[in-house]
Amino acid sequence: MAETVETKTTGTKSRKKRNLWLKIIGGIVGVLVLFMGIVFVVNAISNGVEKKNIESYGQYVNVDGKNMNVLIQGSGEQTVVLLPGQGTPTPAHDFKLLIDEISSDYRVVVVEPFGYGLSDETEKERTTENIVSEVHEAVQQLSIDRYILMGHSIAGLYSVSYVNSYPDEVVAFVGIDSSVPNQPGMDVKLPLKSLQFLQKSGLMRLLKALSGDPYKSLDFDEHTKEQMDLISNQVSTNPTMVDELRHLGSNFKNAEKLTYPHDLPVLLFVQSNNEHNKQWVPLHEEQAKQSAQGKMIPMEGTHYLHHTKYKEIAKEFKDYMKQIQ
């Protein structure tokens with residue numbers, strides 16, 4: 001009889017502990033659901049408010065029945081067509097410091113590909129072929145037939161294809177820590193669904209807020225930084241950008257044997273302190289050798305060299321163009 005009472009007591013205690021844990025777990029889940037709901041609602045409201053505060057810049061050109069935004073600054077005799085790195089939310093603002101330095105001598109045309117900046121999104125696959133064709137159509141719409149092609153990061157991959165497709169138009173290529181077709185590690189699988197979840201849920205906005213101002217130590221004025229932040233919240237990880245990431249591996253694979261034409265002047269500004277890829281400088285040295293007038297200039301800094309070394313880049317670029325002409 002004593003054992004039965006003891007067994008009942010033990011069972012009662014176990015049920016109480018179990019119920020207590022269930023309540024604790026339920027409470028935690030409830031708090032998380034409430035937290036995620038608040039983050040989602042705040043993000044949705046903020047997006048609506050912020051969209052109205054985005055100021056237009058540049059002009060639209062019709063490409064494939066859609067609007068592609070381009071910014072033109074300067075009135076020099078020669079034209080520089082400037083292309084962004086992958087995922088740069090607002091290219092025209094991101095390049096502002098460099099544009100201001102170069103546009104005193106050149107006409108600078110910043111092309112914001114589909115999915116970037118103020119340009120429309122597109123459902124067309126983000127293959128190198130499609131991206132190159134669209135950028136070229138934008139340039140054609142502006143009646144520009146001879147120009148210097150300049151690009152940052154992934155634009156280096158697209159530009160190798162571009163200059164081989166339109167050799168009679170491009171007079172030189174300038175890379176700003178630009179990608180190399182045969183660089184290693186570009187076949188990795190990216191967490192695309194996770195990126196989209198972070199953006200749609202509002203967690204990306206929260207993480208950005210907690211990480212502080214990424215442009216704090218840079219020379220951008222406050223208004224430019226504000227606009228960059230507003231546009232970034234709107235376009236980051238949109239379907240067009242995600243599809244470009246989805247094609248990253250295949251785009252590199254298809255271009256791995258492409259080289260610059262031997263008679264095309266090539267100037268490469270390269271991050272000298274790339275700790276993630278010890279072959280970064282040698283890869284660019286080899287690429288510069290593909291050109292009879294190739295030149296590589298190593299610079300210490302971040303991948304976004306044009307944020308901190310814009311004055312040096314502008315000077316070296318102008319000097320190089322005088323030399324080859």
Side-chain angles (χ1 to χ4, degrees), residues 43 46-61 67-76 79-121 135 138 150-155 174 176-178 199 204-238 240-241 269 271 299 301-315 317-318:
N43 184 60
S46 297
N47 280 342
V49 173
E50 290 176 351
K51 195 170 185 178
K52 298 175 183 178
N53 294 325
I54 292 174
E55 298 175 2
S56 61
Y57 53 87
Q59 65 189 68
Y60 285 124
V61 291
N67 287 323
M68 184 173 285
N69 194 55
V70 298
L71 174 75
I72 302 175
Q73 184 173 318
S75 55
T79 298
V80 174
V81 173
L82 195 48
L83 304 179
Q86 202 285 322
T88 300
T90 169
H93 290 115
D94 186 76
F95 282 127
K96 185 181 187 304
L97 300 174
L98 181 60
I99 296 168
D100 288 346
E101 293 292 321
I102 295 177
S103 59
S104 58
D105 299 286
Y106 292 84
R107 176 172 62 153
V108 182
V109 179
V110 184
V111 178
E112 298 191 328
F114 288 137
Y116 289 70
L118 302 185
S119 292
D120 289 344
E121 295 179 32
V135 170
M150 182 183 289
H152 170 241
S153 194
I154 196 67
V174 180
I176 304 171
D177 212 39
S178 49
Q199 185 69 23
M204 186 76 80
R205 178 188 291 276
L206 179 62
L207 291 173
K208 282 176 61 180
L210 293 174
S211 62
D213 182 5
Y215 308 109
K216 185 177 180 180
S217 60
L218 303 178
D219 293 337
F220 292 104
D221 61 81
E222 291 303 317
H223 180 71
T224 298
K225 289 195 290 185
E226 179 188 31
Q227 288 297 306
M228 292 167 82
D229 189 52
L230 292 176
I231 296 173
S232 175
N233 288 335
Q234 297 292 324
V235 307
S236 292
T237 65
N238 64 38
T240 303
M241 280 194 179
F269 296 100
Q271 181 191 15
M299 289 183 166
T302 68
H303 178 49
Y304 288 81
L305 289 173
H306 54 283
H307 285 176
T308 55
K309 301 291 185 179
Y310 58 94
K311 289 183 179 179
E312 293 91 332
I313 290 173
K315 182 182 182 304
F317 163 63
K318 292 175 184 178

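As the structure is a computational prediction, the values presented were derived from the model and not from experiment. Here, residue 1 is the first one in the sequence, and each next residue gets the next number.
Taking the six-membered ring for Trp and thresholds of 30 and 60 degrees, H152 and H306 have ring planes more than 60 degrees apart, a perpendicular arrangement. In this pair, F317 and Y106 present their aromatic rings tilted. The plane angle is within the 30 to 60° band.
When every heavy atom of S153 is checked against every heavy atom of G85, the shortest pair comes out as CB-CA, 3.7 Å. In this structure, I102 and K318 approach most closely via the heavy-atom pair CA-CE, 4.2 Å. The minimum heavy-atom distance between L305 and M299, with the atom names listed, is CD2-O, 3.9 Å. A pairwise comparison of heavy atoms in S119 and N69 identifies OG-N, 2.7 Å as the closest pair. For the pair T88 and P91, the tightest heavy-atom approach, listed with the atom from each and the gap, is O-CD, 3.6 Å. In plain terms, the two heavy atoms of A138 and M68 that are nearest each other are CB-SD, 3.7 Å.
At least one donor-acceptor pair under 3.5 Å links the side chain of Q227 to the backbone N or O of E55. A donor-acceptor pair under 3.5 Å links the side-chain atoms of N238 to the main chain of G115, judged by distance alone. Remark: side-chain polar atoms of S104 are paired, donor with acceptor, to backbone N or O of E101 under 3.5 angstrom. With N67 contributing its side chain and D120 its backbone, the two residues share no donor-acceptor pair below 3.5 Å. Remark: side-chain polar atoms of E112 are paired, donor with acceptor, to backbone N or O of L118 under 3.5 angstrom.
K311 NZ to D100 CG: the interatomic distance, rounded to the nearest 0.5 Å, is 11.0 Å. Note that CG of L98 is 7.5 Å distant from CZ of F95, once rounded to the nearest 0.5 Å. Residue Y304 holds its OH atom at 11.5 Å from CD1 of I176, rounded to the nearest 0.5 Å. For the atom pair Q271 CD and S178 OG, the distance stands at 12.0 Å (nearest 0.5 Å).
H307 and D94 form a side-chain donor-acceptor contact under 3.5 Å, judged by distance and modelled atom types alone. Using modelled atom types, one finds a donor on one side chain and an acceptor on the other under 3.5 Å when comparing Y57 with T90.
Each salt bridge (Lys or Arg N to Asp or Glu O under 4.0 Å) pair with one or both residues in residues 224-238, not counting sequence neighbours, appears once here: K208-D229, D213-K225, E222-K225.
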Kindly determine whether L71 and I99 satisfy side-chain contact (heavy atoms from CB on, under 4.5 Å), including the steps that lead there. CA-CA 10 Å; L71 174 75; I99 296 168; 4.3 Å; yes
Can V174 and F269 be said to form a side-chain contact (heavy atoms from CB on, under 4.5 Å), step by step? CA-CA 8 Å; V174 180; F269 296 100; 3.7 Å; yes
Kindly indicate, with the supporting measurements, whether the criterion side-chain contact (heavy atoms from CB on, under 4.5 Å) is fulfilled by Y310 and D219. CA-CA 10 Å; Y310 58 94; D219 293 337; 2.6 Å; yes
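In this structure the side chain of Y116 never reaches within 4.5 angstrom of the side chain of V235, judged on heavy atoms.
Exactly one of V109, T79, V110 qualifies for a side chain to side chain contact (heavy atoms under 4.5 Å, CB included) with I72. That residue is V109.
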